[in-house]
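Just below is one structure, and these are the notes that go with it.
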Amino acid sequence: MSEQPKTRPKVPEGKARFVTTRQKEPNEKGFVGYETTWEPFQKEVEYTTPKKP
């Protein structure tokens with residue numbers, strides 16, 4: 001069998017319409033996690049009370 005390297009390859013940043021995914025650095029056990037950042041789907045507008053007749 002061929003000897004596999006113990007390190008994970010560096011994965012490029014993934015971008016979609018509302019989400020960005022980045023690879024984290026491996027921890028002491030060698031686990032490589034991923035960080036996910038979501039962009040807001042909707043715009044928030046400050047509420048104003050309607051005019052009284």
Side-chain angles (χ1 to χ4, degrees):
M1 295 182 92
S2 64
E3 186 65 32
Q4 294 280 335
K6 297 278 184 180
T7 60
R8 294 280 308 241
K10 183 69 177 163
V11 177
E13 184 176 286
K15 290 188 179 183
R17 185 173 178 191
F18 294 109
V19 66
T20 304
T21 305
R22 292 186 196 95
Q23 185 179 14
K24 292 183 179 180
E25 294 297 321
N27 64 7
E28 64 277 349
K29 294 183 180 179
F31 176 76
V32 178
Y34 294 89
E35 174 186 357
T36 305
T37 307
W38 287 90
E39 299 294 328
F41 288 86
Q42 301 172 338
K43 295 180 182 178
E44 290 187 22
V45 178
E46 187 175 331
Y47 177 76
T48 57
T49 55
K51 294 181 182 177
K52 293 185 178 181

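The first residue in the sequence is number 1, and the count goes up from there.
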* Asked: Among all residues two or more places apart in sequence or in another chain, which pass the salt bridge (Lys or Arg N to Asp or Glu O under 4.0 Å) test with Lys51?
  -> none
* Structure fact -> Applying ring-ring contact (aromatic ring centres under 6.0 Å, His included) to Tyr47 and not counting sequence neighbours gives none
* Asked: What closest approach, in Å, do Val32 and Tyr34 show between heavy atoms, and which atom pair accounts for it?
  -> O-CE1, 4.1 Å
* Asked: Closest approach of Arg22 and Thr37, non-hydrogen atoms and distance?
  -> NH1-OG1, 3.8 Å
* Answer yes or no: are there more than 12 heavy-atom neighbours, outside Phe18 itself, under 6.0 Å from its atom CZ? => yes
* To do: Not counting sequence neighbours, which residues clear side chain to side chain donor-acceptor pair (under 3.5 Å) with Glu28? List them please.
  => none
* With rounding to the nearest 0.5 Å, note down the distance linking CD in Glu25 to CD in Glu35. => 11.5 Å
